[in-house]
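Every number for a ligand or one of its atoms is a count from 1 in the order of the listing. Note that these values count all heavy atoms, side chains included, but never hydrogens, waters or copies made by symmetry.
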Amino acid sequence: MAESTADLAALFDRFADEIGRAAPTYGTICRGVATEAGVLSILDGVPDPQRRPVLLLAAVHHLLLDAPDEPLADHYPSISGRPGDGDPVAAFIEFCGRRRAEIVELVSSRSTQTNDVGRATLVRIALPSTDPPARAPLGLIDLGTSAGLNLHLDRFSYRYHDEGGAEVVLGDGSPSLDCLVRGRSVSEVAPSSPVDIGLRIGIDPNPIDTSDPDQARWLQACVWADQVERLARLQVALDTVAGYRHEALILRGSGPDRLEEAVAESRAARCHPVVINTWSFTYYEGPERVRQLDMLDRLGAEGDLTWIFLEAPNETPELPWGAVDTSTSLSVLRRIDYRSGLRDETTIGIAHPHGRWLDAMDR
Ligand SMILES: C[S@@+](CC[C@H](N)C(=O)[O-])C[C@H]1O[C@@H](n2cnc3c(N)ncnc32)[C@H](O)[C@@H]1O
């Protein structure tokens with residue numbers, strides 16, 4: 001992590017290398033400000049895990065989304081609606097100087113947080129069937145739920161397709177999410193029926209309340225300004241979920257602190273508990289990781305339960321990865337079924353982190 005200004009400058013340079021192709025506007029900005037001590041010092045005093053380029057970029061984006069007439073906004077595809085044109089560095093430095101106090105306030109009080117509904121394409125594949133004979137509706141328990149958008153995954157629509165040109169379309173809600181299935185035919189992998197969700201519980205130490213426009217804007221600001229499609233999809237999901245927010249229960253706290261009560265709620269409502277971690281376990285502290293694993297095994301021994309996770313094995317070696325290579329930084333989708341006291345593990349596949357594709361494994 002970045003302890004000194006030199007470390008931070010190196011972090012900005014490295015980040016520019018990593019994202020340059022996918023996010024040219026942010027790549028150019030990060031390269032340009034790596035040598036600007038005045039800009040980098042905005043992150044002075046920010047605790048280490050958050051002392052990263054993405055936090056500064058999110059804070060600036062947050063202010064710009066509310067001030068589209070700023071000259072810098074002209075360089076942001078998310079605001080101008082055009083691919084980034086011209087060199088944004090001078091405007092970025094000028095903006096950071098003029099609105100420094102507001103940016104410092106944001107980086108000191110917030111952490112970068114996203115909620116990607118694209119991952120619902122993968123979770124949807126992994127969900128247990130609610131067809132007979134299983135039949136019980138699902139009690140969805142999303143650990144690290146962020147804004148809770150994926151608790152409403154049955155309200156989105158899905159198009160799964162494969163390289164042979166076959167496709168499976170499910171539902172007619174919004175957003176419409178697309179996932180390319182590779183390695184197996186789409187008809188074998190895509191869900192074949194609607195899902196019945198009886199209960200929705202999200203757990204997060206820092207849940208985002210999207211009924212508060214400022215919090216919703218922060219969620220949007222954490223999406224990179226170059227990722228116009230992702231931002232548009234987020235907006236559509238926010239609009240869809242706005243009408244159903246009251247149907248989800250959001251519990252504040254760490255996953256293992258609130259999991260037991262969520263599973264108890266689900267069982268009391270005669271729902272089959274399905275616990276989900278998508279890119280959240282990676283943010284747990286070490287002891288919380290062990291606690292959650294022990295708790296799931298105990299809860300799974302006490303009654304039927306499904307646990308689905310989509311995480312990067314190299315960042316979460318504590319998870320039960322089975323035969324998966326734990327040095328990989330790719331996102332891997334796995335499911336653990338606890339049924340009648342027995343435990344069964346399945347690797348569903350290697351996936352795009354935002355659900356754009358799945359390399360399906362032979363289950
Ligand atoms: C990258 S976001 C992913 C959000 C969502 N799961 C998704 O896939 O879009 C990570 C989330 O994990 C949450 N988180 C961090 N530590 C956690 C913990 N100990 N227990 C539960 N959630 C945690 C963060 O607050 C954040 O909302």
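Contact record, Arg124 with Leu170: NH2-CD1, 3.9 Å, taken as the closest heavy-atom pair.
Taking the six-membered ring for Trp and the full ring otherwise, Phe281 and Trp321 have centroids separated by 6.0 Å or more.
You'll find the side chain of Tyr76 stays beyond 4.5 Å of the side chain of Glu70, heavy atoms only.
Defined by atom type and a distance below 3.5 Å, a donor-acceptor pair is present between the side-chain atoms of Arg334 and Thr347.
Within 4.0 Å of ligand 1, protein heavy atoms come from Gln113, Thr114, Asn115, Asp116, Arg119, Gly144, Ser146, Asp204, Pro205, Ser254, Gly255, Thr278, Trp279, Ser280, Tyr283, Tyr284, Glu288.
Taking the ring axis of Tyr244 as reference, the NZ or CZ atom of Arg155 stays within 45° of it and closer than 6.0 Å to the ring centre.
Applying the ring pair (Phe, Tyr, Trp, His ring centres under 6.0 Å) rule to pairs touching residues 169-220 yields His62-Trp218, sequence neighbours excluded.
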